[in-house]
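Each ligand, and each atom within it, is numbered from 1 in the order the structure gives.
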Amino acid sequence: MEKYDRKKFIRKSGGVLAATALVPGVVFSKGALGTANTLNIALVGCRSMGFWILNHALNQPDVVCAALCDVDQNVLERRAGEIEKNFGQKPRLFSDYRKLLEEKDIDAVIIGTPDHWHCLIAVDAMAAGKHVYVEKPMAKTVAECEIMVKASHKYGKKVQVGQQQRSRAHWGEIVKMVQDGKFGKIRTIKTWGNFGYGLGPEKRPDASVPEGVDYNMWLGPSPERPFNPSRFHGSWRFFWDYGGGLLTDWGAHLLDIPLWAMGIDGPPKSVSTVGGIFSGENRDLDMADTQTVIYEFEDFNMTWDHAGGLGVGPYDRNYGVAFVGNNGTAVVNRQGWQIYPEYDGDTPKIEPEKFVWESGDEGHFDHVANFINAIREGETLNCPVEAGNMAAFYSNIGNIAYRSGSTLKWNESGNLIDAGKFSEFITPEYRSPWKLPVI
Ligand SMILES: NC(=O)c1ccc[n+]([C@@H]2O[C@H](COP(=O)([O-])OP(=O)(O)OC[C@H]3O[C@@H](n4cnc5c(N)ncnc54)[C@H](O)[C@@H]3O)[C@@H](O)[C@H]2O)c1
């Protein structure tokens, strides 16, 4: 039995691994500002993830932070100060992204807002001629994702979705092993994510809007309601108006891997789910803190499972993906991968192997590098809109099954049966004056 040769794999792999030739975490010295090669980048939504993506971008050669935008002045000023201190750059500051998009010299926009804004800002940015790095999930509804795919084709802009695993080599290694048949016929794929924060925020009373926050602009297309700190920075993801809970937060990352490995580019035969708020904690969240989703395919099963508040999970990992095949099971997460063989008597059908990713960036740096190389040199994007769309789709339909209390089924042509029954979850109603983009 041939032993799996990691070095050989990396040498042989093109495409998805090409960007990993850049060493993660290396800080490049910056070229002179304003050279012909300068890429002007802007960030909309500066508090957390978007800002770290921006930092990775500014650590690439000749990338300049042209502008920052946030509806919270406190965040905006703090982040502007950090950019000046760490990079010696003074970005223009905006509280309305539409004004930022009018700036002609901006080449690309990073979108680090909550999910309910992704579609609108991404489409407006593309229409304004900007390339887009949009965080995952690509959007919080099926219809918005489809609009983003259409927009990327219409405007011909580069759109990278923030599923950074696609740029971290060891995930691609497992994908290739699955595709090469190393594990034999894949019969079940398990994905799961148990995280402490998945309990949702504490229940808190409505409050006055913090000073410096344009709350109306934070809400944007989502329904009007009084300000509540539990529904705001960071914890918005536990409310249907803004996000999709653990299933979209982590499902967009982890369901992406089997979709990639199995080459899935359409709906399953069906999706069903069970779950509820079972933790017993008095928390504020719309979705289930404990949930299992079953995706039915012709000749294999796929599941998603989460239990917010817990830190233990299958195969001794609190989150991950397991490909279960006739020859063995491959388990992968950000820490590495492990292969558990099946046995013929005492003989393992495949080598028990393990790869531990001991340190370094989880893929963000290379993912951003790939985006910038795609803009500059036409490098293939590791996570284009089609891949972002599929991962968001599988996350979103699990939530639709939960919210509707129904099993969703697709016919052989890939059309959702009784689609009208689910339309309120598929297509969001935007609060006036915001309008769902029409492409
Ligand atoms: N790729 C990853 O591993 C990863 C990790 C964490 C979060 N994310 C994604 O990043 C996105 C942001 O999540 P977060 O945890 O950083 O959220 P956050 O709440 O910490 O930050 C969001 C920021 O966006 C700002 N904002 C809201 N509406 C805005 C608007 N219309 N214009 C400008 N700014 C606006 C908020 O004021 C806030 O500063 C989400 O889509 C999330 O799913 C990805």
Asker: Is it true that Asp96 and Arg98 have a side-chain N and a carboxylate O under 4.0 angstrom from each other?
Answerer: yes
Asker: Present, as a list of atom pairs with distances to 0.1 Å, all nitrogen or oxygen contacts under 3.5 Å between ligand 1 and the protein.
Answerer:
{"residue": "ligand 1", "atom": "1 (N)", "partner": "Glu135", "partner atom": "OE1", "Å": "2.9"}
{"residue": "ligand 1", "atom": "1 (N)", "partner": "Gly162", "partner atom": "O", "Å": "3.2"}
{"residue": "ligand 1", "atom": "1 (N)", "partner": "Gln164", "partner atom": "OE1", "Å": "3.0"}
{"residue": "ligand 1", "atom": "3 (O)", "partner": "Gln164", "partner atom": "NE2", "Å": "2.9"}
{"residue": "ligand 1", "atom": "3 (O)", "partner": "His253", "partner atom": "NE2", "Å": "3.2"}
{"residue": "ligand 1", "atom": "15 (O)", "partner": "Arg237", "partner atom": "NH1", "Å": "3.1"}
{"residue": "ligand 1", "atom": "15 (O)", "partner": "Arg237", "partner atom": "NH2", "Å": "3.1"}
{"residue": "ligand 1", "atom": "16 (O)", "partner": "Met49", "partner atom": "N", "Å": "2.9"}
{"residue": "ligand 1", "atom": "17 (O)", "partner": "Trp236", "partner atom": "NE1", "Å": "3.4"}
{"residue": "ligand 1", "atom": "19 (O)", "partner": "Gly234", "partner atom": "N", "Å": "2.9"}
{"residue": "ligand 1", "atom": "19 (O)", "partner": "Trp236", "partner atom": "NE1", "Å": "2.8"}
{"residue": "ligand 1", "atom": "20 (O)", "partner": "Arg47", "partner atom": "NH1", "Å": "2.6"}
{"residue": "ligand 1", "atom": "20 (O)", "partner": "Ser48", "partner atom": "OG", "Å": "2.7"}
{"residue": "ligand 1", "atom": "31 (N)", "partner": "Trp117", "partner atom": "NE1", "Å": "3.2"}
{"residue": "ligand 1", "atom": "37 (O)", "partner": "Asp70", "partner atom": "OD1", "Å": "2.6"}
{"residue": "ligand 1", "atom": "39 (O)", "partner": "Arg47", "partner atom": "N", "Å": "3.4"}
{"residue": "ligand 1", "atom": "39 (O)", "partner": "Asp70", "partner atom": "OD1", "Å": "3.2"}
{"residue": "ligand 1", "atom": "39 (O)", "partner": "Asp70", "partner atom": "OD2", "Å": "2.7"}
{"residue": "ligand 1", "atom": "41 (O)", "partner": "Thr113", "partner atom": "O", "Å": "3.4"}
{"residue": "ligand 1", "atom": "41 (O)", "partner": "Asp115", "partner atom": "OD1", "Å": "2.6"}
{"residue": "ligand 1", "atom": "41 (O)", "partner": "His118", "partner atom": "NE2", "Å": "2.9"}
{"residue": "ligand 1", "atom": "41 (O)", "partner": "Lys136", "partner atom": "O", "Å": "3.2"}
{"residue": "ligand 1", "atom": "43 (O)", "partner": "Lys136", "partner atom": "O", "Å": "2.8"}
{"residue": "ligand 1", "atom": "43 (O)", "partner": "Lys136", "partner atom": "NZ", "Å": "3.2"}

Asker: For a side-chain contact (heavy atoms from CB on, under 4.5 Å) with Leu100, tell me which candidate from Ile106, Leu43, Ile121 qualifies.
Answerer: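 Filter result, single survivor: Ile106.
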Asker: Check this for me: Asp105, atom CG, are more than 12 non-hydrogen atoms of other residues, nucleotides or ligands nearer than 6.0 Å?
Answerer: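 Yes, because the 6.0 Å sphere around CG of Asp105 holds more than 12 heavy atoms from other groups.
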Asker: Test Arg79 against Glu82 for salt bridge (Lys or Arg N to Asp or Glu O under 4.0 Å), laying out the working first.
Answerer: CA-CA 5 Å; Arg79 293 314 195 186; Glu82 286 167 17; 2.7 Å; yes
Asker: Using the side-chain contact (heavy atoms from CB on, under 4.5 Å) rule, pick out the option among Asp70, Leu54, Leu93 that qualifies with Cys46.
Answerer: Asp70
Asker: On the ring face of Phe425, is Arg403 found with NZ or CZ under 6.0 Å from the centre and within 45° of the axis?
Answerer: no
